[in-house]
> 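The structure follows.
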Amino acid sequence: MSQSKKLTSHPAKKRFAAVFDSFMPIFATIAALLVGAIFLLLLDANPITAYSALLEGAFGSFNAFAETLVKAIPLLLVGLGTCIAYRGSVTNIGGEGQMIVGALLSTWIGLSFTNLPGWLMITIAMLAGILGGAVWGGLPGVLKAYFNVNEILSTVMMNAIAVQIMNYMLRGPMIDPVQAEAASQIPQTARLEMAYRLPRLVPTRLHIGLLIAIILAVMVYVLLWRTTLGYRIRAVGQNQSAAKYGGIDVKKHIVLALLLSGAFAGLAGMMQVYGVNYRMITDGSATGFTGNAGFNGIVAALFGQLHPLITIPASILFGGLLVGANSMQRIVQVPSALITALNGLVVVFVVSSEYFRRRSQRKRIAFIESEDEGKPPKERSEGLGEAAS
Amino acid sequence: MKNTIKLFSLLLITVLLVAGCTQAAPPVEEPEVSDQPLRVAIVTPSSMNDLAFSQSISDAMQALQKEMGEGKLEYVYSENMFVVDDAAAAIRSYAQQGFDIILAHGSQYGSSVQEIAPDFPNTVFAWGTTVDTFDMPNVHAYEAASDEGGFVNGVMAALLTETKVIGVVGPIETGDAKLYIDGFAAGVKSVDPEIDVRVTYIGSFSDVALAAEAATTHLSAGADVLTGSAQMVIGAIGKAKEAGAYWFGTQADQTSFAHDVVVASQVYHWEVLLREIFALRQSGVLGGETFAATLDNGGQVIKINPDLDLGQDVLDEAERVIQGIIDQTISIP
Amino acid sequence: MEIRADQTNKTPFTSLQMRNVCKRFPGVLANCEVDFDVVSGEVHALLGENGAGKSTLMKVLYGMYKLDDGEIILNGQPVTIQNPTVAINHGIGMIHQHFMLVPTLTVAENVALGLPSSKGPLTDLDVVSERIVQLASTYNLKIDPSALIWQLSVGQQQRVEIIKALYRGASLLLLDEPTAVLTPQEVDELFLIMRQMTSDGYGLGFISHKLHEVVEISDRITVLRNGRKIGTQLTSAVTKQTLANWMVGREITFITSNDKMDQGEVRIDMQAVSCPSQRGTEGLRHIDLQIHSGEIVGLAGVSGNGQLELAEVVTGLRPIKEGRVLLDGEDITGLIPGQVTEKGLSYVPEERMKDGMIRDFNISENLILREHHKWPFSKKGFLRIPYINEHTDKLVEQFRIKTPSRMTLAKNLSGGNIQKVLLARELSRSPRAIVAAQPTRGLDIGASEYVHEQLLEQRKLGTAILLISEDLDEIMALADRIAVIYEGQIMDVLPRLTATKEDLGLLMAGVHPGETIQN
Amino acid sequence: MIKDLFTATVIIGIISSGIRLATPYLYAAIGEMFGQRSGVLNLGVEGQMLLGAFVAYFVVLRTESLLLAILAAIGVGALMGLAMGFVTIQLQATQGIAGIGFYLFGMGMSNLLFQKLIGVVENIDGFSAIKIPLLGDIPVIGEIFFRQNLLVYLAFLLVPLAWFVLNKTTLGLKIRAVGENPEAADSLGVNVALVRYFTVTLGGILSSIAGASLSVALLNVFQQNMTAGQGFIAVALVYFGSWRPFGILAGALLFSMVNALQLWIQVLGIPIPSELAVMLPYILTILVLTLSLTKGKGPSALTKAFEREG
């Protein structure tokens, strides 16, 4: 070590800066909402009333918070998949389609076997959801690894295909027998048996899926940093040629990363059916079923800095934003399109705030050695490469 | 990183505790006072001015407001609730806010109503379009017999086509759209079974471009009369207008959109049903009824474009069929 | 001079002075109060170990780094160089250590990039190509303007870099470690070009850590250490020993492997191995090469003649088309890298950050790359973190890796320490054979010494070592036998004791000593 | 019934439908291609299209001026592009996520503005078909190719133009260099940020025109969410076309014509589920790309932010 001067800032100050940084997404959200306030004013709505309604609607009561958590479940699950995909350096924007296929498969099984004990069916259904999502995510993986088909292209296309399959299944083979008789033929399945529903946690709509998702978040953390599989996925994601040199089958792990991320989305789809709606209904679009969770989950993971554990609170905050925004729409009666625009603003602001976080982080990190031709430390993403211990 | 996790968990726990402590008070039951305005909340899947399904309920509410007079009827809405889950949250929230009547204006909202209604026994829930009240005392069901209007449109279309080819542009093959389209086809066949009714479902409620191209395809394939259902058909109407082909509308009056070619529109007048629902509530009946907007009760009207010269025989035949459906001498297969 | 005259109307270069230059990066002072000057017609060498701040100083001059303190005076005028465009406009050109070329573009496109075109908004590649040929012939730089960069050898790519600078009318040329990738013959050619340029009035800044080259080519030498200037001397007035001491700050000794080892049986046996290259052309052609246990075989050759392919064929990274590879008599042809690893073969890849290490993994994670799936690093699919940590701490100490913690990401380590991590991983496995490609490239003297010690240590233990290097001095110092590769073929294998640099140089150029050189 | 597909009417119909359907894809995908060639992935195309569609429609509705409409669309597209540029180039935000943000913003804003400023859909007089003299009179071919509206012609002219700009101009050279090796471009004095701002803004403008081509040229109406995912397809087509204008043209035509084909399959009453027909273009696009041997490698610096050290 040479005369290179380490930055010697006060440790307490440093810790404060670190805490400040981790709240950056929240500050960004607030900034976006401030911009949204201008729109609200233009729409003759009082921003203070509106935003209190938002907060109230998201966290203001036990029931509201439960709704927020219900909303957060699919976001968290898709977000966990995103964490894995991101570590494996694959871009999975097929969460919507994977949710649908997972839901279809698990619903089909749930409707086909009516005499099983609830816990057994729920387990089977979860596996079916995982399987469906895994297939729908794994296929683009295979196409990418073995046929060099870009996964952005294939996942976009497969979202559209999944929607059509859903529409067909729900008006055809899987239609509710009652609806098949009726003139209107609403494209929906029959309702699941009472016993098959995911148990509720408290007397609200909040179901056990939340606990499962949180446990899974921990498992994803363990998977990524404590298992050889996670190690391999991350190695392939970071540096394919080094991974190959390390004896890792690169192609296989590209498929696995997409497959696993699809599996989580598939499970999210299953939970929407078994935990919330108890049947599948289609309005002809993906969003009608997923509520955009396939996309928003990606955003939630980003809120959570692509770390499975931080994605838990991030999903809850993001879910709260969505639930609260809807509630705001009801209270101040602004067009719902504003909510979509606000949602977009929040995403843009949060993703931009990364810049400021990185910048202050870079200032904090003392350079390790000066031997390296005086190159500045290019620490872009603390935490992303961090290991378990 | 560890700090971050700790902090977030701390935050989370705080929020949970706060949320737990401030548990919501049960919804206040409002005393029935007759001079209070009737408060209605509407949840619709598309936007309130979609020139189709959602707009029809909005028009009905405005008509009723006018009819009942100043300050007698208030209504709020949540539009674009295509996410069933969000719609459920909206329905529950309106119920908690103590609205008198909640209109779940979308067939996909059935499950949500079924879940929520039992928790709010004093609130009237009306679910459309369907016939299923789940045997609940505070759930009404309403639907539109859009096959009736479809049948009438079909009869007129059959009389107007020269090429004996008629094109239909639909969204997805279900629900109200399918009901209308099947009725339409039956109407055509009732006049001349030889006429070819060709149906395309474009798989989307919003893809205007594909709807337009579907119409163009029908026109290239020889169709000279077109119809279609759902909000994306404006693309198809435009193509019909360009080609000078007749168009039949449904769900709302589409005449204003293309004066030269829109022959007739099946228009819903939900106010007819809503009036009944309001009246029943006054008499203490909160649910259990099934309503249908039909040609008979005026919930459904065939609005014929007066500016088009269709020939008297077509108009007469349409009138005859409408009457026939009303007095049930004509039944739709 | 006439080339420059028709290129630009820039004032000809007379002198450059950098005074009291300071450059800071967050947490580190890269240059501190450095003075450096170049006058027309001279080569002024900047000598120093890696990390001494040589490149930083030049990048400041070229406008790639912002100057924090100090001043730059060009031709008597103080100048501010905010970015490379300004530098180019001042007639400063730079040949970067890592080439600044766009691999998917042609030579002409790379040269034309960023320049105004004679055809306004349209490219004028025909004009550019013509001028390239012209320039190239003046300085004997044979190059095809329509060739794509990725198809060129490293030496050729360097010529493109030189042409790029000349084309822009550079009259002060900064060369950052230009010889690192060249054969002795190519180095001689480069020096010839440099001399011709100085006699044409160019000023040259020459960065190197190779003492003998600096002494050979430069007129003056400035030595940097730890970001500070140690001294400037006329080359004619200074001894190598002084320079070396200035560089390192202590006395240094040069290691050689003079002790004769008993060679064991054949470890690695390549029999008529052929394989295609990266570009789909013939990479290796019927390679026959044996390496014995306890022997270091040096593979000399100009970069791009099949060294990478050979290393990858042995380590299982590249499929073999014909022939076979044996390890201790066992056929390892067609095994995938993981299986080859199992057999006890270690590999130190040439591009360690690209092929051997994962930038965003920490030291622990990088140390287990090869055997993460095996006991004792993992059990039933789970990593054994406590053991891995213990293992890391042990190796960090044993291999003297300088790092604040085992959690430090590889990208935040210095080049020398990165190589130590890599060696720690590869050598701690007690390998039967090692393929080491350019193991000291980019390392300072201290770190290079360390690597050499380690390799010799392994040799003592009876490991078979294939040392691939473009540094003939390194090969001459370490190898027992020297194989020379040229266009995918082994030209000859010479015992170290009888090999001369001249002969090796000829072999590297594809000529057998004694043969008459044609064309 | 399958053989009904092989009649002149159907084939002509498919080709001419394909040309119309491909028009917005061409604008949007070519715009996206410029961005990606310089290293910026923009997933917000859909939002830019919707805003462009709305603005152009609104201007025609109020002023009846098509020129103003296109200028307004260009203005809005440029603003959206600049915003995307600021976020991804200046602030180095993750490009994919930022794009999703802009998609949601554009979709929400266009719906909001529509509801607040217009409310009820009306038909407008958009670009009308222009018959190219002589060529337009050629039987069959004339009808398919030379009786389209201005924006359709321009979309197809854009393809060779884009090829020319990319491969034959100094600007194109800079774009390609910046997308492959920004450090090298930077060392030669190419302003990497500026080049990227240019391409992303151009992309925004072209996406916006893509939307306008729907609302004021092909359909002459506006409806909420009328692009129905076309922006995402456009992004996918850039990958399909291996970042080359003619590849994109091929992809856009393939996708559009298969879409036209599936409409014909339904019109002719060929008995397959309508959903299967609708998914045909998506399946085929994946299949073609899977089986095709020549797949380009994307620009090396795609999605990588560039920042000069020091």
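By convention in this document, chain letters (A, B, ...) are assigned in the order of the sequence lines, proteins followed by strands, and residues within each chain are numbered from 1.
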> Restricting to non-hydrogen atoms, name the atom on D:Ile97 and the atom on A:Val351 that form the minimum distance, rounded to 0.1 Å.
CB-CG2, 3.9 Å
> Pick whichever of A:Asn167, A:Val350, A:Ile298 has the most heavy-atom pairs under 4.5 Å with chain D.
A:Asn167
> Using non-hydrogen atoms and a 4.5 Å limit, figure out which bit of A:Asn296 sits close to chain D: side chain, backbone, both or neither.
side chain
> Given the rule in the ring pair (Phe, Tyr, Trp, His ring centres under 6.0 Å) test, do D:Phe102 and A:Phe349 qualify, once you have shown the distances and angles that lead to the verdict?
CA-CA 10 Å; D:Phe102 280 108; A:Phe349 273 62; 9.6 Å; no
> Measure D:Thr88 against the heavy atoms of chain A and call it side chain, backbone, both or neither at under 4.5 Å.
neither
> In Å and rounded to the nearest 0.5 Å, what is the OH to CG distance from D:Tyr282 to A:Leu153?
12.0 Å
> Parallel, tilted or perpendicular: which fits the ring planes of A:Phe39 and D:Phe105, with parallel below 30° and perpendicular above 60°?
tilted
> Just give me the residue among D:Leu41, D:Leu91, D:Asn111 that pairs up with chain A most often, heavy atom to heavy atom, under 4.5 Å.
D:Leu91
> To the nearest 0.5 angstrom, please state how far the OG1 atom of D:Thr94 sits from the CD atom of A:Glu354.
6.0 Å
> Where is the tightest heavy-atom contact between A:Ala341 and D:Met109, given as atom of each residue plus distance?
CB-N, 3.8 Å
> Give a yes or no on whether A:Tyr168 atom OH has more than 12 heavy-atom contacts from other residues, nucleotides or ligands under 6.0 Å away.
no
> Let me see the working for A:Val348 and D:Met84 under side chain to side chain contact (heavy atoms under 4.5 Å, CB included), right down to the final yes or no.
CA-CA 9 Å; A:Val348 170; D:Met84 174 77 187; over 6 Å; no
> Report the option among A:Val149, A:Ile93, A:Val334, A:Asn150 that has the most heavy-atom pairs separated by less than 4.5 Å from atoms of chain D.
A:Asn150
> For a quick test of reading the model, state the closest non-hydrogen atom pair linking D:Gln90 to A:Tyr355 and the distance between them.
O-CE1, 3.7 Å
> Evaluate side chain to side chain contact (heavy atoms under 4.5 Å, CB included) for D:Met279 paired with A:Met157, printing each intermediate quantity in order.
CA-CA 9 Å; D:Met279 63 173 101; A:Met157 298 282 164; over 6 Å; no
> Are A:Leu43 and D:Leu112 close enough that some pair of their side-chain heavy atoms sits under 4.5 Å apart?
yes
> Can D:Ile286 and A:Ile161 be said to form a side chain to side chain contact (heavy atoms under 4.5 Å, CB included), step by step?
CA-CA 11 Å; D:Ile286 296 181; A:Ile161 295 170; 4.3 Å; yes
> To the nearest 0.5 Å, what is the distance between CG (A:Asn148) and CG (D:Leu289)?
8.0 Å
> Enter the distance from A:Met158:CE to D:Ile283:CD1 here, rounded to the nearest 0.5 Å.
9.5 Å
> Report the distance from atom CG of A:Asn343 to atom CG of D:Leu104, rounding to the nearest 0.5 Å.
5.0 Å
> Is it true that A:Phe295 and D:Phe232 have ring centroids separated by less than 6.0 Å?
yes
> Using non-hydrogen atoms only, which part of D:Gln224 is less than 4.5 Å away from chain A: side chain, backbone, both, or neither?
neither
> Does the side chain of D:Tyr239 reach to within under 4.5 Å of the side chain of A:Ile152, using non-hydrogen atoms?
yes
> Contact part of A:Leu143 toward chain D, heavy-atom cut-off under 4.5 Å: side chain, backbone, both or neither?
side chain
> Heavy-atom distance under 4.5 Å to chain A: side chain of D:Leu280, backbone, both or neither?
neither
